[in-house]
Amino acid sequence: MPDTYTSVRSILTSAFRVPEDEIRPEVTLGQLDLDSLALTELVLIVHERLGVRIGNEHVSRDAALAQVVDHIETLRAENAQSTERAARS
């Protein structure tokens, strides 16, 4: 599994032009100047690139980047377990 933090960092720099030096685990999405439209776009890009659907309740202007990444990692682990169980059936 690719490093989720690095993937999200790449999304933020490429899609939203957030300077790399501003991206830190403790910074909130609001501090990165992501408005509600950008947050919706972030959800879509994460789904496209990482294969998980994040609920909007987990992506808010008050959410720290580390919280978002942790949630994505949890979803990815759950997807991997589901795939593994399906393969064994």
Exercise. Does a side-chain heavy-atom distance below 4.5 Å link Leu39 with Asp35?
Worked result: no

Exercise. Quick one: CG on Asn79 to CD1 on Ile72, what's the gap to the nearest 0.5 Å?
Worked result: 12.0 Å

Exercise. Taking atom CD1 of Ile11 and atom CG of Leu44, what is their separation to the nearest 0.5 Å?
Worked result: 11.0 Å

For this session: Would you confirm whether Gln31, through its side chain, and Thr28, through its main-chain N or O, come within 3.5 Å as a donor-acceptor pair?
Result: yes

Seminar exercise, completed: The reported gap from CG in Asp33 to CZ in Phe16 (rounded to nearest 0.5 angstrom) is 12.5 Å

Exercise. Given side chains that start at C-beta, do those of Glu73 and Tyr5 come closer than 4.5 Å, heavy atoms only?
Worked result: no

Problem set entry | Any donor-acceptor N/O pair, Ser10 side chain to Thr6 backbone, under 3.5 Å | no

Exercise. How far does CZ of Arg24 sit from CG of Leu32, to the nearest 0.5 angstrom?
Worked result: 8.0 Å

Exercise. Quick one: CD on Gln67 to CG on Leu29, what's the gap to the nearest 0.5 Å?
Worked result: 9.0 Å

Could you pull out every donor-acceptor pair under 3.5 Å between side chains of residues 46-65 and any protein atom, sequence neighbours left out?
from  : atom 1 : to    : atom 2 : distance (Å)
Ser60 : OG     : Asp62 : N      : 3.3
Ser60 : OG     : Ala63 : N      : 3.4
Arg61 : NH1    : Leu34 : O      : 2.6

